[in-house]
2 protein chains.
Amino acid sequence: MTVREPTEPTGVGSRPRPATLTDVARAAGVAPSTVSRAFTKPGRVNAGTREHVLRVAAELGYRPNPVARALESGRTSTLGLVVSDITNPHFFALVRGAERQASTAGFTLLLGDTQQSPQTERTVVDRIHASVDGLILAASRLPPAELRAYAATKPLVLINRQTEDVTSVVTDHVDGPRQIVEHLHSLGHRALVFLSGPRESWSGAQRWAVIRDAAKSLGIAATRLGPFPPSMAGGPAAADAAIGTAATAVIAHNDLLAIGALRRFGDRGLTVPGDISVVGFDDIFGADFCAPPLTTLTGPLDEAGRKAVEILVTQPEITVRAPRFSLPSHLKIRESTGPARPRA
Amino acid sequence: MTVREPTEPTGVGSRPRPATLTDVARAAGVAPSTVSRAFTKPGRVNAGTREHVLRVAAELGYRPNPVARALESGRTSTLGLVVSDITNPHFFALVRGAERQASTAGFTLLLGDTQQSPQTERTVVDRIHASVDGLILAASRLPPAELRAYAATKPLVLINRQTEDVTSVVTDHVDGPRQIVEHLHSLGHRALVFLSGPRESWSGAQRWAVIRDAAKSLGIAATRLGPFPPSMAGGPAAADAAIGTAATAVIAHNDLLAIGALRRFGDRGLTVPGDISVVGFDDIFGADFCAPPLTTLTGPLDEAGRKAVEILVTQPEITVRAPRFSLPSHLKIRESTGPARPRA
DNA sequence: CTGAAAGCGCTAACAC
DNA sequence: GTGTTAGCGCTTTCAG
């Protein structure tokens with residue numbers, strides 16, 4: 001039997017081996033199981049012993065090793081959150097909401113970024129898969145079959161993506177986009193343009209479908225331009241493309257693109273909303289203080305994050321029944337939309 | 001000996017037990033150690049055997065369990081990143097930089113939020129401590145002794161906080177603030193005000209110290225107001241307080257506070273920079289498109305995140321020597337600063 | 001080159 | 001109420 005000296009440093013500048021449960025047991029003169037119980041089942045151990053054990057543990061600076069605990073129990077108290085582009089402020093609120101809810105529940109978040117690539121997404125998910133009790137995939141680009149395969153293996157919640165047999169939380173994608181069209185219509189706009197984002201975006205497809213139908217039923221024109229990168233950098237191209245049309249209002253795939261377009265319109269000498277109205281999606285940080293403040297459809301992403309975490313923490317079993325949740329969004333009217341003025 | 005049936009589902013709606021290394025070994029007709037080697041030491045196993053094992057593993061959908069691997073090796077390929085308030089956009093760039101660098105290195109990030117409380121910080125750090133190979137604490141509020149204690153236990157890198165015997169990465173906090181003062185001085189400002197953030201903020205203290213000294217040596221007045229919450233919500237109170245002084249320029253503890261103040265000045269009928277100039281810190285997302293775009297000191301936080309991760313991934317040992325790194329920051333002059341105009 | 005066996009730190013039966 | 005024992009899934013000596 002090899003016994004390592006508990007506290008012997010192994011060399012200059014190295015770190016001491018942290019105390020283990022066994023060390024504590026030995027020092028306290030009790031069995032390992034007693035120490036374990038002292039920490040995890042306070043009721044099932046003599047109060048005096050417990051106190052003693054706890055004291056000795058504190059002296060030794062003992063802290064239970066979650067890795068060992070996880071190996072035994074199969075539970076890690078950790079949730080994986082995978083987003084498609086952590087660089088995108090769109091996801092900040094999501095990460096924030098998820099983190100808050102997780103920490104409230106005593107869970108920790110493992111963060112992953114797919115950099116918009118399905119291949120990377122696969123790698124990331126495979127890697128964290130076994131280390132988490134549940135998985136949240138935001139705006140996943142994975143094909144349905146793969147998503148189902150993951151869901152069969154581990155509690156999985158999709159955010160802003162829906163697929164058969166997989167639990168999802170989406171921000172409303174029907175009423176919201178329709179409200180935008182109605183808002184614009186009521187302001188007198190009769191031709192609008194949708195500045196689209198990535199082709200593979202599920203939510204982007206939903207948005208356009210609803211916008212197109214709503215426009216049709218109101219008898220106004222709607223055309224789609226793009227795809228454009230869903231970032232501020234995509235703004236100039238998107239704005240320029242819009243200027244080439246007869247539209248008096250643009251609806252951008254997201255706020256980032258909208259803000260980018262806003263600036264470009266300014267640079268090109270167009271005033272917003274005087275010459276052209278602009279609407280975004282998400283109500284990201286900054287949408288309320290850009291110039292002019294942006295009319296946008298709130299996408300309660302922090303709430304979506306909270307909801308997803310809540311599901312995984314309190315009732316992971318229900319994910320096998322693949323319920324779908326939809327969170328209401330509403331139109332936040334600010335100053336980037338106004339009455340239509342026919343353009344020359 | 002208890003042998004669980006490898007693939008038998010345990011009930012309706014439950015999930016199959018994932019294949020383990022042992023399952024693969026059995027199915028492939030080899031020893032567990034051979035399977036292990038096939039995955040981790042490709043050289044030390046017969047090419048044919050290896051191929052066979054890999055094929056069987058693939059068929060079974062086997063994926064090595066990182067938790068078990070970590071327990072044995074003591075390494076988790078995971079880094080803990082703890083920020084004081086994930087709600088603060090200030091940290092977005094940090095999280096982003098850290099995540100990118102980590103994933104490049106094949107590491108995963110565990111995210112923690114201390115909600116500005118030292119007590120919570122302790123809890124969070126204690127909890128993730130054993131699950132990570134290294135720790136990054138951003139804007140830590142912990143006392144030096146505790147920080148040292150953690151550093152003695154695990155590779156630790158502090159961001160924007162310095163303490164003896166602990167490795168740190170800070171964005172320059174001397175030249176930068178001085179540049180702000182000089183910039184303002186050169187525009188003719190002779191009285192400025194510092195809108196301070198939380199009292200416990202290490203970087204806030206540094207900033208004020210340099211500003212005060214720089215002002216003194218330039219022979220201009222500098223006073224400190226506050227503390228104010230370092231958020232947009234803190235802006236109104238901060239702006240109002242500043243209006244009550246003779247200052248023609250304000251330097252805010254961070255961009256959030258600066259943007260909040262910007263809006264308040266507008267609401268109160270003051271034009272920026274006509275009536276008063278405003279400077280922030282960090283160059284957060286949005287600083288370039290608020291109205292007017294904010295002059296601010298860049299705090300290369302994404303780079304700081306990358307640097308911290310890089311240290312922990314490539315040379316964790318050096319943290320015992322507690323080197324200090326400082327990343328250059330520079331003044332980004334935009335439109336919120338202009339020539340001083342004496343106020344009534 | 002491959003197998004057998006020990007054990008990482010912890011929890012959970014199962015005794016006593 | 002407490003100790004003993006057997007693993008969780010994997011890597012790693014150590015034999016063969």
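Proteins get letters first, then strands, A, B, ... in listed order; numbering begins at 1 in each.
One interatomic measurement links the two molecules: CZ of B/Arg75 to P of D/dG9, which rounds to 21 Å at whole-angstrom precision. At whole-Å resolution of the value, CZ in B/Arg26 and C1' in C/dA4 are 16 Å apart. Atom C1' of nucleotide D/dG1 and atom CD of A/Glu51 are separated by 16 Å, given to the nearest angstrom. Atom NE2 of B/His129 and atom P of C/dG9 are 14 Å apart (whole Å). A straight line from CG of B/Asn65 to P of C/dG9 spans 17 Å, rounded to a whole angstrom. Nucleotide C/dC8 holds its C1' atom 13 Å from the CG atom of A/Leu21, rounded to whole Å. If you measure from atom CZ of B/Arg69 to atom C1' of D/dC8, you get 16 Å, rounded to the nearest angstrom.
The side chain of A/Ala68 lies closest to C/dG9, out of D/dG3, C/dG9, D/dC10. Here the side chain of B/Glu72 is nearest to one of D/dT12, C/dT2, C/dG9, namely D/dT12. Here the nucleotide nearest the side chain of B/Leu71, chosen from C/dC10, C/dG9, D/dT12, is C/dG9. Side-chain atoms of A/Asn46 lie closest to D/dT2 of the nucleotides D/dT12, D/dT2, D/dG9.
When the side-chain nitrogen and oxygen atoms of B/Thr49 are compared with OP1 and OP2 of C/dT2, one or more of them lie within a distance under 4.0 Å. Between B/Ser36 and D/dT11, a side-chain N or O to OP1/OP2 separation shorter than 4.0 Å is present. Remark: A/Lys41 is not in phosphate contact with C/dT11, judged by side-chain N or O atoms under 4.0 Å from OP1 or OP2. A close approach under 4.0 Å does not occur between any side-chain nitrogen or oxygen of B/Thr22 and OP1 or OP2 of D/dG9. OP1 or OP2 of C/dC1 has not a single side-chain nitrogen or oxygen of B/Arg44 nearer than 4.0 Å.
Once rounded to the nearest 0.5 Å, the distance linking OG1 of A/Thr108 with CG of B/Leu111 reads 9.5 Å.
Relative ring orientation between B/Phe39 and B/Tyr62 is described as perpendicular, the plane-to-plane angle rising above 60° on a 0-90° scale split at 30° and 60°.
With respect to B/Glu146 and B/Arg122, a salt bridge is recorded, a charged nitrogen being found less than 4.0 Å from a carboxylate O.
Residue contacts shown for B/Tyr62 are limited to sugar-phosphate atoms, with no base heavy atom under 4.0 Å away. Using a 4.0 Å heavy-atom criterion, one finds that A/Val30 contacts the sugar-phosphate atoms exclusively.
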Working for salt bridge (Lys or Arg N to Asp or Glu O under 4.0 Å), residues B/Asp133 and B/Arg75: CA-CA 6 Å; B/Asp133 293 343; B/Arg75 270 165 300 99; over 6 Å; no

Under the criterion side chain to side chain contact (heavy atoms under 4.5 Å, CB included), I'd like the reasoning laid out for B/Arg96 against A/Phe91: C-alpha separation, chi angles, the key distance, then a yes or no. CA-CA 11 Å; B/Arg96 183 167 62 208; A/Phe91 291 113; over 6 Å; no

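Residue whose closest nucleotide on DNA chain D sits further toward the 5' end, between B/Pro64 and A/Arg50: A/Arg50.
Counting distance only, with no hydrogens placed and no angle test, the side-chain atoms of A/Arg37 and the base atoms of D/dG3 include a donor-acceptor pair under 3.5 Å. Remark: the A/Ser33 side chain and the D/dT4 base include a donor-acceptor N/O pair separated by less than 3.5 Å.
Residues A/Ser103 and B/Gln115 are in side-chain contact: their nearest non-hydrogen atoms beyond the backbone lie under 4.5 Å apart.
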